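Okay, structure first, notes after.
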Amino acid sequence: MSEERSLNFIEEIIEEDIRNGKNEGRVHTRFPPEPNGYLHIGHAKSICLNFGLAKKYNGKTNLRFDDTNPVTEDTEYVESIKEDVRWLGFDWANELYASDYFDQIYAFAQKLIEQGLAYVDDSTAEEIAHQKGTPTEPGVPNQYRDRTVAENLNLFAEMKDGMYPDGAKVLRAKVDLGSPNMLMRDPIMYRIKHAHHHRTGDAWCIYPMYDFAHGQSDSIEQITHSICTLEFIPHRAMYDWFIDKLAIFPSQQYEFARLNMTYTVMSKRKLLQLVNEGFVESWDDPRMPTISGLRRRGYTPHSLREFCERIGVAKRENMIDVSLLEFCIREDLNKTAWRRMAVLDPVKCIITNFAEGAEEMHFGENNPEAEGGDGGRDIPFSREIWIERDDFMEVAPKKFFRLGPGLMVRLKNAYIIKCDDFIKDADGAITEIHCSYIPESRSGSDTSGINVKGTIHWVSVPHAKTAEVRLYDRLFKVEDPSNEDGDFKDYINPESLHMIQAYVEPDLATVETGKGYQFIRKGYFCLDKTSTADHLVFNRTVTLKDGWVKK
RNA sequence: UGCCUGAUAGUAUAAUGGUAGUACGACGGUUUUUGGUACCGUUUGUCUAGGUUCGAAUCCUGGUCGGGCAACCA
């Protein structure tokens, strides 16, 4: 029944391949993170793409950790990545590691040496960079380039055996020092690093570079469509060259544009800085664009998948408006989140004609969008209630459908009340509002015949629970912090977090973490992982859309 | 300066030589016991100059603009 959606360019390539019987119609993708940081929403785009493609074409997706640089990587990251992918709703066919292939990749290197296509170079990093030339001048060969196969084989073995310190030698591919593509000017295949690897321990002291590990891993796994981001386009030449010279399974690389989003940064390096320098609390700070941050903020896997679906896949640079992300979570939560009442900026309202000490229970459905309201809960009502400070105005403008002297509103799920009086303190701040209720207007059995324009939320004073509520705003003040002059951290929004004390209806003391709630008229909120029975903590996921603009 | 890429409303993304459409945003309206939701409507676009063609967003040529490439990172 699904609408016929047009294909993105990668789907077109795949369908063409299937039509041509390429790889016997097999589709095998992979998601290949380096375990050196937490996944962010940009990775979610890649995850949804890779797993989505495999699912659509009855294929498989491997989760492969690109762990070829032991100094930056850690099992902490491996675990978080697995958790995030799973949470997003995807299952991988195989959990694999580039480090699983170190023996095989080493053998590939020997094979290239034997073909005269790789050599050991004793130059320093600076010398190699210098000899590479510039984009407009070709590189120049050095004396090491002519070493014999036997000599190279021997030296490479000695590198592996730990006979040289870090940086003393590298293994380079003998490609073309005059290539207009800088990456083809004899790229480094192996470097010496006497470092402990989180999986292989101290078994190795040489590690393959990206260009000599990624494509080889793809090939070993018989990956048919190796999808990466645009900045790897120049690497494709090397990717293909190695596969060709090694005569191994010809995986093919395709590139799409990475996700950029307004008012945020998306590079692991920058996100790491935010954490390390204390601008945010942690990788899963609800202001972070990480998967774990969004999860803690109250985003659902479904909303993230929907977002990734809507942003599309193409090759041009893009800057997605965060409002689309917000739309996706509102759309999801509107259908599923239970409604509750919470007063974030309270002022006391006394129902003067309601008996002192009396209490009533009023029923509130869980979700008006769901059939039958999805059940409901009882809400205690009494003579004193908290209402929102900005739901009262001493001098109300024309279209203000809330409380003010002589004005009437409905208390959600309860009675219509009329404002008779109010009290101010010495500074002119409202301290108390006096109202009378209309007994015949009880919600569900209203015989009063009165129609009011406005409905406000409220919480009974003696029944209210206190809660800490964290109101989040965008982390940056400008649309594209990475593109501004100076340090991106200069553009951090100092107002990105407001912590307030709120009064919430008693039912909210019993909610579970991981479930989204709508605080009526205020937004979507979820219980924070740090919340306890004695100290409730809620995070605001997103506000409600606000069509009310003051003139 | 060399090479590689890309260019369609504010932002994304379709149209694969034949009516420039969709979503988000913005604006306006209807409904509403959430100024939410839902529904309806309005708004704004093919980078540029030539060429091919009955017909070009699409093909060709030149230009302009954006992004990437000179890590023992991935």
Side-chain angles (χ1 to χ4, degrees), chain A residues 3 5-8 12 32-34 36 66-69 71-73 98 121 123-125 128-130 132-139 166-172 179-185 187-193 206-207 209-211 213-214 228-237 255 257 262 268-269 310-328 330-331 334-335 339 341 364 368-369 399-402 409-414 416 441 443-444 446 451-457 479 518-523 543-549:
Chain A
E3 193 96 337
R5 191 177 59 85
S6 55
L7 269 28
N8 66 47
E12 285 188 2
E34 183 186 13
N36 67 347
D66 227 340
D67 56 349
T68 57
N69 186 1
V71 305
T72 58
E73 297 157 7
D121 192 326
S123 307
T124 64
I128 288 177
H130 185 251
K132 265 195 182 176
T134 68
T136 51
E137 304 162 75
D166 288 7
K169 288 179 166 46
V170 290
L171 182 72
R172 288 227 257 170
S179 171
N181 180 349
M182 296 297 291
L183 290 162
M184 296 288 273
R185 323 251 261 223
I188 292 169
M189 296 162 61
Y190 267 93
R191 76 286 213 191
I192 300 170
K193 271 182 198 269
I206 57 171
Y207 293 92
M209 297 284 290
Y210 169 86
D211 281 316
H214 199 99
C228 60
T229 45
L230 255 27
E231 64 270 28
F232 290 97
I233 288 176
H235 292 260
R236 190 174 61 228
E255 311 87 8
T262 54
K268 276 190 197 169
R269 200 192 99 248
R310 283 172 178 265
I311 58 179
V313 177
K315 295 192 79 144
R316 71 185 87 108
E317 304 282 338
N318 59 77
M319 178 66 77
I320 307 286
D321 200 316
V322 287
S323 65
L324 182 62
L325 218 210
E326 294 177 346
F327 167 81
C328 291
R330 286 193 187 107
E331 182 189 47
N334 175 51
K335 293 191 194 109
R339 272 56 170 175
M341 292 197 285
E369 300 297 313
K399 291 214 172 154
F400 186 73
F401 305 136
R402 309 181 204 175
V409 292
R410 173 173 291 281
L411 296 174
K412 178 75 181 175
N413 296 128
I416 292 174
S441 69
S443 189
D446 187 343
N451 273 317
V452 291
K453 271 289 219 179
T455 300
I456 65 172
H457 58 281
E479 281 204 0
Q518 185 193 102
F519 290 1
I520 290 174
R521 299 208 303 141
K522 285 284 138 187
T543 60
L544 253 28
K545 215 172 127 185
D546 191 2
W548 161 250
V549 277

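Order of the sequence lines sets the chain letters (A, B, ...), proteins ahead of strands, with each chain counted from 1. Source: prediction; values computed, not measured.
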Let me know the distance between [atom1] of [X] and [atom2] of [N], rounded to the nearest Å.
X: A/Ile311; N: B/A14; atom1: CD1; atom2: C1'; answer: 16 Å
X: A/Met182; N: B/G68; atom1: CE; atom2: P; answer: 17 Å
X: A/Ile128; N: B/A70; atom1: CD1; atom2: P; answer: 15 Å
X: A/Met184; N: B/C4; atom1: CE; atom2: P; answer: 13 Å
X: A/Arg191; N: B/A71; atom1: CZ; atom2: P; answer: 14 Å
X: A/Phe401; N: B/U32; atom1: CZ; atom2: P; answer: 13 Å
X: A/Lys412; N: B/U32; atom1: NZ; atom2: P; answer: 13 Å
X: A/Glu255; N: B/G67; atom1: CD; atom2: C1'; answer: 14 Å

Would the base of [N] count as contacting [X] through its side chain, where contact means a donor and an acceptor less than 3.5 Å apart?
X: A/Thr455; N: B/U34; result: no
X: A/Arg402; N: B/G35; result: yes
X: A/Gln518; N: B/U34; result: yes
X: A/Glu369; N: B/G36; result: yes

How would you label the contact of [X] with the nucleic acid (heavy atoms, under 4.0 Å): base, sugar-phosphate, or nothing?
X: A/Gly454; answer: nothing
X: A/Thr543; answer: nothing
X: A/His235; answer: base
X: A/Arg339; answer: base
X: A/Gly547; answer: sugar-phosphate
X: A/Phe232; answer: base
X: A/Ala125; answer: base
X: A/Asn413; answer: base
X: A/Asp546; answer: sugar-phosphate
X: A/Thr124; answer: base

State, to 0.1 Å, how close A/Asp67 and A/Ala98 come at their nearest heavy-atom pair, and which atoms those are. OD1-N, 3.2 Å
Among [options], which nucleotide sits nearest the side chain of [X]?
X: A/Arg410; options: B/U33, B/C4, B/A14; result: B/U33
X: A/Ala129; options: B/G6, B/A71, B/C73; result: B/A71
X: A/Ile520; options: B/U34, B/A12, B/A70; result: B/U34
X: A/Pro368; options: B/U5, B/G36, B/C72; result: B/G36
X: A/Leu544; options: B/G36, B/U33, B/A14; result: B/G36
X: A/Met319; options: B/A12, B/C69, B/A74; result: B/A12
X: A/Glu34; options: B/A74, B/U33, B/G2; result: B/A74

Could you give the distance separating [M] and [N] at their [atom1] atoms, to the nearest angstrom?
N: B/U13; M: B/G25; atom1: C1'; value: 15 Å
N: B/C59; M: B/G2; atom1: C1'; value: 28 Å
N: B/A38; M: B/A56; atom1: C1'; value: 41 Å
N: B/C27; M: B/G21; atom1: P; value: 24 Å

A/Asp321 and A/Ser323 side chains, donor-acceptor separation under 3.5 Å: yes
Below 4.5 Å, heavy atoms only, C-beta onward: do [X] and [Y] meet side chain to side chain?
X: A/Lys522; Y: A/His457; value: yes
X: A/Arg339; Y: A/Glu369; value: yes
X: A/Glu34; Y: A/Tyr210; value: no

Could you go through A/Ser123 and A/Asp121, starting from their C-alpha distance and side-chain angles, then the distance that decides it, and tell me whether this counts as side-chain hydrogen bond (donor to acceptor under 3.5 Å, both in side chains)? CA-CA 6 Å; A/Ser123 307; A/Asp121 192 326; 2.5 Å; yes
Toward the 5' end of RNA chain B, which comes first, A/Glu231 or A/Pro33, by nearest nucleotide? A/Glu231
Given RNA chain B, 5'-ward residue of the pair A/Asp66 and A/Arg316, judged by closest heavy atom: A/Arg316
If you compare every side-chain N and O of A/Arg521 against the phosphate oxygens of B/U33 (OP1, OP2), does one of them come in below 4.0 Å? no
For B/G36, does OP1 or OP2 lie under 4.0 Å from any side-chain N or O of A/Lys522? no
Structure string for RNA chain B in dot-bracket form, Watson-Crick and G-U at under 3.5 Å, | interchain: .((((((..((((....[..)))).(((((.......)))))....(((((..]....))))))))))).....
Point-to-point distance, once rounded to the nearest 0.5 Å, from OG1 of A/Thr72 to NZ of A/Lys268: 8.5 Å
Just the table, please: protein N/O against nucleotides 17-26 of chain B N/O, every pair under 3.5 Å.
from	atom 1	to	atom 2	distance (Å)
B/A23	O2'	A/Arg310	NH1	2.5

Can you confirm if the aromatic rings of A/Phe232 and A/His214 lie within a centre distance of less than 6.0 Å? no
Among A/Ile206, A/Ile192, A/Ile128, whose side-chain contact (heavy atoms from CB on, under 4.5 Å) with A/Val170 holds? A/Ile128
